[in-house]
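See below for the structure under consideration.
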Amino acid sequence: QPWGSVVEYYLSAENDEGDTGTHPVGAPAHSHYFGVSDDFSDAFETDSAWWPSLLGNDALTGLWTRVDPVGTVYNGHTVQTEDDHTAAPGSHCFVTANGFVGGTAGAHDVDHGQTTLLSPVFDVSGGNNIAISYWRWYTNDLGYNPGEDIWAVDISNDGGQTWAAVEQTTASNNAWQEVSFDLSDYFPTPGLVQLRFIAEDLGSGSLVEAAVDDFSLTGDFGGATAVGDDDASDGSGDDVPTQHTLDLRQNAPNPFNPRTAIHFSLDRAGPATLTLFDTRGRLIAVLVSGQLARGEHRVVWDGTDQTGRPMTSGVYFYVLEAGGGRVARQMVLLR
């Protein structure tokens with residue numbers, strides 16, 4: 001797909017009796033999506049392309065699900081987190097099932113098997129400096145048989161055909177912990193990257209809970225470059241060309257509420273637009289439209305649409321078009 005594009009899709013099926021279904025539910029009003037860009041961040045505040053693996057979900061309870069977690073306590077110690085990791089007003093993350101307020105710690109934890117959460121597949125072929133990070137919560141040191149079960153995180157570079165271990169531990173932290181690494185630590189050449197997160201309770205019954213939040217993947221993939229001829233000098237009398245690129249940087253802060261700044265640069269002077277869309281492709285706002293000079297620019301979005309109506313929490317895409325090029329990124333608004 002062209003660089004900077006955002007592709008939406010859904011799946012539909014019909015059996016011989018005429019029964020139909022879609023994924024996600026409510027399609028085509030709701031859809032999956034992917035972006036062709038140099039970074040991917042997911043705070044799990046909206047549905048995206050993560051899913052529990054059918055092959056690795058044989059636990060009787062405690063299967064992975066995206067929810068606002070309900071905390072559980074055992075003998076005064078926290079088992080499942082009450083809050084996700086994303087800064088307020090974030091609320092959702094992936095957890096190993098969710099109980100109900102006032103429920104016991106052992107009612108919805110992982111039991112009698114394992115549960116596996118799969119990331120999307122990221123095509124990072126040709127990229128450099130691929131960095132991956134996530135925040136995780138793991139509890140395995142409470143209950144009748146503590147410390148027996150393994151928390152595992154694996155990474156694949158061939159779309160899930162083979163795997164290498166990122167984490168293999170029985171140690172509990174009972175708090176949010178960040179894990180960061182470079183893809184080059186595991187594979188010399190970037191390919192089709194996927195992660196899987198596995199929580200298990202395979203031995204004697206124990207209290208096992210896990211959660212994942214705020215995933216990020218970034219890399220360098222180059223970009224179009226134009227060379228100017230009149231921007232700088234090294235003092236020798238000969239012009240030293242200054243390179244400008246058509247570049248759209250990640251908004252900051254992100255996630256945000258209610259304002260965020262977007263920085264971008266143009267490789268040449270001329271007409272440019274910066275537009276904002278929701279995940280269904282509907283135009284939300286035109287942030288920039290007109291003739292702009294070559295070089296650096298900045299615009300602030302206040303979280304409202306063209307009529308001034310505040311937008312709801314969710315993922316939004318901002319798209320820069322100029323000089324025949326197009327670049328897109330995603331942002332997360334959290335009310």
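Note that the numbering runs from 1 along the sequence shown for the chain.
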Cut-off 3.5 Å, side chains only: do [X] and [Y] have a donor facing an acceptor?
X	Y	value
Asp214	Thr86	yes
Asp158	Ser156	yes
Thr96	Glu209	yes
Thr65	Asn98	no
Asp123	Ser125	yes

To the nearest 0.5 angstrom, please state how far the [atom1] atom of [X] sits from the [atom2] atom of [Y].
X	Y	atom1	atom2	result
Gln177	Ser172	CD	OG	10.5 Å
Trp64	Trp51	CH2	CH2	15.0 Å
Asp141	Thr170	CG	OG1	10.0 Å
Leu117	Arg66	CG	CZ	12.0 Å
Glu200	Asp111	CD	CG	12.5 Å
Asn128	Asp182	CG	CG	11.5 Å

Subject >> Criterion side chain to side chain contact (heavy atoms under 4.5 Å, CB included) against Val332, the qualifying member of Pro253, Ser41, Pro255 >> reply: Pro255
Original post:
Looking at Phe40, Tyr316, Phe277, which hits side chain to side chain contact (heavy atoms under 4.5 Å, CB included) with Gln330?
Top reply: Phe40
Original post:
Between the side chain of Arg196 and the main-chain N/O of Thr116, is any donor-acceptor distance below 3.5 Å?
Top reply: no
Can you find a heavy atom in the side chain of [X] that is under 4.5 Å from one in the side chain of [Y]?
X	Y	answer
His85	Cys93	no
Tyr134	Val153	yes
His92	Asp68	yes
Ile155	Leu183	yes
Asp154	Gln168	yes
Thr139	His77	no
Ile132	Val166	no
Pro52	Asn57	yes

[X] and [Y]: which non-hydrogen atoms are nearest, and at how many Å?
X	Y	result
Gly219	Ile130	CA-CD1, 3.8 Å
Pro258	Arg335	CB-NH1, 3.7 Å
Thr169	Arg136	CG2-NH2, 4.1 Å
Glu178	Ser180	OE2-OG, 3.5 Å
Pro69	Asp83	CG-C, 4.0 Å

Original post:
Taking the inter-plane angle between the rings of Phe100 and His108 on a 0 to 90° scale, is it parallel (under 30°), tilted (30 to 60°) or perpendicular (over 60°)?
Top reply: perpendicular
Subject >> Worked check of side chain to side chain contact (heavy atoms under 4.5 Å, CB included) between Ile262 and Leu274 >> reply: CA-CA 10 Å; Ile262 301 171; Leu274 181 63; 4.1 Å; yes
When clusters are formed by joining ILVMFWY residues with side-chain heavy atoms under 4.5 Å apart, either directly or through shared neighbours, do [X] and [Y] land in the same one?
X	Y	value
Phe256	Val299	yes
Trp137	Val208	no
Val110	Val73	no
Leu248	Leu266	yes

**OP:** Would you please indicate if the ring centroids of Tyr186 and Phe181 are separated by under 6.0 Å?
**Re:** yes
Original post:
Centres of the Tyr318 and Trp301 rings: under 6.0 Å?
Top reply: no
Subject >> Whether over 12 other heavy atoms sit under 6.0 Å from Arg259 CZ >> reply: no
Original post:
Picking from Trp135, Trp50, Phe197, what satisfies ring-ring contact (aromatic ring centres under 6.0 Å, His included) with Phe215?
Top reply: Trp50
